[in-house]
Amino acid sequence: MEWLDLPDPASQEYEDPYRNLDQDTLEDVIEVARLRAMQEQAGSLAGEDALRLEERLASLEEQGVDADWLISQRWIVAERRERAATLGNAAFDGQEITLSGFAISAPTEEDGTSVLYLVELPGLCSHMPPPAPNQLVQVRLAEEWTPEYLHQPVRVTGRMKIDPTDKVFQVVDGDVAMKATWQLEAAAVEDFRPDPRKMGANSEWIEQLRAGLRASKTAPHKQGE
């Protein structure tokens with residue numbers, strides 16, 4: 001399977017009135033929300049705060065933006081985004097699959113099971129934040145095996161299931177919250193040698209990765225992706 005298969009397809013398509021706002025407009029809406037909260041708490045606004053609210057509302061109205069309506073939608077949109085980031089594709093729940101990615105070592109489970117995490121791209125969870133939970137896979141290994149280095153490229157085969165986990169452990173130089181929607185009971189782990197960091201540009205596997213990344217960047221996305 002591919003990484004794009006992991007999220008629940010239905011949850012990826014949703015209305016998000018914030019999506020097409022430019023940064024300046026979004027900042028104006030945030031400022032209005034802040035001032036509205038102050039107004040509600042104090043009963044009224046005065047001085048510079050009242051003037052700032054009036055100016056922001058006038059600017060947004062000129063752009064055809066209903067700030068108060070947008071603010072009323074924030075929790076609805078937050079819930080939609082949460083579902084899009086956490087729900088897994090039920091079509092693969094319980095299926096035997098093969099998935100390629102980059103391995104991150106994890107502490108052994110309390111029952112003694114060796115564990116690693118699989119991410120789509122090197123750098124995630126270390127130099128970059130963790131991906132969305134439905135783009136992170138906790139891999140439980142049938143036998144003891146650990147990556148030789150951070151983000152070692154591997155291909156894992158086993159039974160995939162939706163079983164959310166939430167762990168915190170040290171990855172490089174600090175604790176990282178690893179929230180994974182998926183759990184993979186690995187029957188086999190195939191690692192790629194030699195170390196791709198030392199391989200030349202002619203490496204077939206590295207070239208395949210580069211081609212895949214280029215394709216993912218140019219492929220059309222559905223609304224909400």
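No hydrogens, no waters, no symmetry mates; every other heavy atom, side chains included, goes into these values.
Salt-bridge annotation for Arg80 and Asp16: absent, with no side-chain N of the basic residue lying under 4.0 Å from a carboxylate O of the acidic one. One finds no salt bridge joining Arg159 and Glu185 here, because no Lys/Arg side-chain nitrogen approaches an Asp/Glu carboxylate oxygen to under 4.0 Å.
Proximity of a side-chain donor or acceptor of Asp93 to a complementary backbone N or O of Ile162 within less than 3.5 Å is detected. Checking side-chain atoms of Asp5 against main-chain N and O of Glu2 turns up a donor-acceptor pair under 3.5 Å. Using modelled atom types, one side-chain atom of Thr181 and one backbone atom of Thr86 make a donor-acceptor pair closer than 3.5 Å. Trp3 places a side-chain N or O within donor-acceptor distance of the main-chain N or O of Ser100, the cut-off being under 3.5 Å.
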- Task: Go through the steps to decide whether Arg34 and Glu31 satisfy the test salt bridge (charged side-chain N to carboxylate O under 4.0 Å, His left out), and finish with yes or no.
- Result: CA-CA 5 Å; Arg34 186 185 72 83; Glu31 179 67 359; 2.9 Å; yes
- Item | Full working for side chain to side chain contact (heavy atoms under 4.5 Å, CB included) between Val176 and Val168 | CA-CA 5 Å; Val176 178; Val168 176; over 6 Å; no
- Message: Checking Glu190 against Val154 for the side chain to side chain contact (heavy atoms under 4.5 Å, CB included) test, could you report, in this order, the C-alpha distance in whole Å, the side-chain angles of both residues, the deciding distance, and whether it holds?
- Response: CA-CA 6 Å; Glu190 178 186 0; Val154 295; over 6 Å; no
- Message: Applying ring pair (Phe, Tyr, Trp, His ring centres under 6.0 Å) to Tyr117 and Phe102, what does each step give before you reach the verdict?
- Response: CA-CA 8 Å; Tyr117 283 79; Phe102 296 86; over 10 Å; no
- Task: Go through Asn134 and Asp8 one step at a time and tell me if the side chain to side chain contact (heavy atoms under 4.5 Å, CB included) criterion holds.
- Result: CA-CA 8 Å; Asn134 57 16; Asp8 168 49; 5.9 Å; no
- Task: Please test Trp182 against Gln135 for side chain to side chain contact (heavy atoms under 4.5 Å, CB included), starting from the C-alpha separation and ending with a verdict.
- Result: CA-CA 8 Å; Trp182 294 95; Gln135 291 282 284; over 6 Å; no
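Residues Leu141 and Val139 form a side-chain contact, since some pair of their non-hydrogen atoms from C-beta on lies under 4.5 Å apart.
Between atom CE of residue Met38 and atom CG of residue Asp49 there is a gap of 4.0 Å, rounded to the nearest 0.5 Å. Expressed to the nearest 0.5 Å, how far CG of Asp28 lies from CG of Leu70 amounts to 11.5 Å. Between Met1 atom CE and Ile97 atom CD1 the span is 5.5 Å, to the nearest 0.5 Å.
Arg81 forms no cation-pi arrangement with Tyr14, by the criterion of a distance under 6.0 Å to the ring centre and an angle within 45° of the ring axis.
Residue Val29 is grouped with residue Trp69 when hydrophobic side chains (ILVMFWY) are merged at heavy-atom distances under 4.5 angstrom, including chains of intermediate members. Both Leu53 and Leu26 sit in one connected hydrophobic cluster of ILVMFWY residues. Membership requires side-chain heavy atoms under 4.5 Å apart, directly or through other members.
Side chains of Thr113 and Arg140: a donor-acceptor N/O pair is present below 3.5 angstrom, by distance only. A donor and an acceptor atom, one from each side chain of Gln63 and Thr25, are located under 3.5 Å apart.
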